[in-house]
Amino acid sequence: MRVKKQKRHRRAVRFYTACFGFREPFKIFCDGTFVHHLVVNRITPADTALTNILGAPVKLFTTRCVLAELKSLGGNYQEALNAANNLFTARCDHEMRKSAEDCITEVIGEKNSEHFFVATQDADLRRSLQKIPGVPVIFALRNALFLEQPSSFQRQFANSAEEERLHMTDLEYNMLRQRKKRKLSDDKQGDSSNASEGEIDDVSQAQIINTNVKRNESDVKDKIRFKRKKAKGPNPLSVKKKKKSVDTNFTTSGKENKNGEGTVRSRKRSRKRSRKNVVEGNA
């Protein structure tokens, strides 16, 4: 049962945040009956209990008219008055004290621009607030707190507001028409300028043809002569440097060649004859 309750509350909070722009921390407008119920049933601390319901941090508000009404009820509501004095005071421009119901209705207004959650035990006030778009209502039963589901009127209002956002307004439609007219006029001006440029091109082409005819009559070549690019030398920076020539008078073996001036000295190794060969030769 508790899980289903939390799902319903979470779904309702999501509806108000998505469709009416409610943001954390949520502002709770408490009247005297709700504060008195919390004190009698020992639902304390109140901000923690409301945070558990909404799943987000909250701030509790009341007005001077609500405090004055609790004060006028006598000693039975003294504890509730002391608890209400600890809440934030919302601004109400009432010089003369009004009833809590009238004060709350005027502070909420027609669209609840301040995004208040209203916490009350007054059944008539709850029914009247359900006819105002974007006003979530909280009430208590014994030691449990509940968030009422959005009414059918509030859901219809949210759907109609979403459809209006999908379609263009009259101002946007007029702006689009003016922009389209401006674009068409620019296109027409561009076409006229292109036509004038085309006429100029025709005149220039005719002049070119006439000049070509005259050139042909005077035996002048009418073709355009393009300057041919001649082959240039290589880039000196990209060419490898030439290696120095090696003197051929000297060979790698250190011998001198005879090229007119130098002489070649050849060293022949004398083969030593072995003793055995000498003895055989003498015999």
Side-chain angles (χ1 to χ4, degrees), residues 1-64 66-67 80 82-92 100-101 103-123 125-162 165:
M1 188 68 181
R2 183 177 296 178
V3 175
K4 291 183 179 180
K5 174 185 171 184
Q6 291 177 353
K7 285 184 178 180
R8 287 198 303 270
H9 291 169
R10 200 179 301 121
R11 197 179 300 117
V13 171
R14 196 182 303 119
F15 170 79
Y16 287 111
T17 53
C19 298
F20 297 100
F22 282 72
R23 295 292 179 267
E24 301 177 8
F26 296 132
K27 295 187 288 186
I28 314 296
F29 197 162
C30 304
D31 71 342
T33 58
F34 186 77
V35 175
H36 180 68
H37 185 89
L38 295 179
V39 170
V40 170
N41 291 275
R42 303 300 176 186
I43 306 176
T44 55
D47 53 352
T48 304
L50 291 167
T51 298
N52 294 334
I53 289 177
L54 303 180
V58 298
K59 288 184 178 181
L60 307 183
F61 289 85
T62 189
T63 59
R64 292 181 298 173
V66 173
L67 295 174
N82 296 334
N85 284 324
N86 296 327
L87 306 182
F88 294 100
T89 303
R91 183 178 178 181
C92 66
E101 183 178 354
C103 180
I104 291 172
T105 303
E106 290 188 12
V107 170
I108 294 298
E110 296 180 355
K111 295 183 179 180
N112 191 16
S113 58
E114 294 295 329
H115 300 101
F116 279 115
F117 284 76
V118 179
T120 180
Q121 296 297 105
D122 191 347
L125 179 59
R126 282 158 49 189
R127 280 193 293 269
S128 63
L129 291 175
Q130 285 184 346
K131 297 177 182 179
I132 301 174
V135 183
V137 179
I138 298 172
F139 65 97
L141 287 176
R142 296 183 182 178
N143 59 350
L145 301 178
F146 294 90
L147 174 64
E148 284 193 2
Q149 295 299 307
S151 62
S152 58
F153 172 77
Q154 292 175 345
R155 292 186 183 278
Q156 290 176 1
F157 182 86
N159 292 333
S160 61
E162 186 176 359
R165 285 195 298 269

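FYI, the numbering just counts along the sequence from 1. Side-chain atoms are counted along with the backbone in the values below, which use heavy atoms only and exclude waters and symmetry mates.
Separation of atoms NE2 (His9) and CZ (Arg11) is listed at 10.5 Å; rounding is to 0.5 Å. How far CG of Leu87 is from CZ of Phe29: 10.5 Å, rounded to the nearest 0.5 Å. One distance of note links CZ of Phe139 with CG of Leu125; it measures 13.5 Å at 0.5 Å rounding. Summarising the geometry, atom CG belonging to Asp122 is positioned 8.0 Å from atom OG belonging to Ser128; distances are rounded to the nearest 0.5 Å. Taking CZ from Phe88 and SG from Cys30, the interatomic distance works out to 12.0 Å, rounded to the nearest 0.5 Å. In this structure, the separation between OG1 on Thr105 and CD on Glu110 is 12.0 Å, given to the nearest 0.5 Å.
The shortest side-chain heavy-atom distance between Pro57 and Glu24 falls under the 4.5 Å cut-off. Looking at heavy atoms from C-beta onward, Thr63 lies out of side-chain contact with Ile104 at the 4.5 angstrom threshold. No side-chain heavy atom of Phe61 sits less than 4.5 Å from a side-chain heavy atom of Val66.
Here the options are Tyr16, Phe20, Phe22, the test is side-chain contact (heavy atoms from CB on, under 4.5 Å), and the partner is Asn112; only Phe22 passes. Applying the side-chain contact (heavy atoms from CB on, under 4.5 Å) test between Leu50 and each of Leu38, Leu147, Ile43, Leu145 identifies Leu145 as the sole match. The residue from Val118, Thr51, Leu54, Thr62 that alone fulfils the side-chain contact (heavy atoms from CB on, under 4.5 Å) condition with Ile28 is Leu54.
Between the side chain of Lys27 and the backbone N or O of Glu114, at least one donor-acceptor pair lies under 3.5 Å. Listed for the Gln154 side chain is a donor-acceptor partner under 3.5 Å among the backbone atoms of Ile132. Remark: the backbone N or O of Asn41 is not paired with any side-chain donor or acceptor of Arg142 at under 3.5 angstrom.
Considering all non-hydrogen atoms of both residues, Gln121 and Ala140 come closest at OE1-N, 2.8 Å. Phe15 approaches Pro150 most closely through the heavy-atom pair CD2-CG, 3.3 Å. Residues Ala80 and Val39 come closest through the heavy atom pair CA-CG2, 4.1 Å.
Taking the ring centre of Phe146 as origin, the terminal cationic atom of Arg8 falls outside the region bounded by 6.0 Å and 45° from the ring axis.
At a cut-off of 3.5 Å, with distance as the only test, a side-chain donor of Thr120 or Asp31 sits close to an acceptor on the other residue.
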Q | Stepwise side-chain contact (heavy atoms from CB on, under 4.5 Å) check, Arg42 with Asn143 | A | CA-CA 8 Å; Arg42 303 300 176 186; Asn143 59 350; over 6 Å; no
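The local environment of CZ in Arg126 is crowded, with over 12 non-hydrogen atoms from other residues, nucleotides or ligands closer than 6.0 Å.
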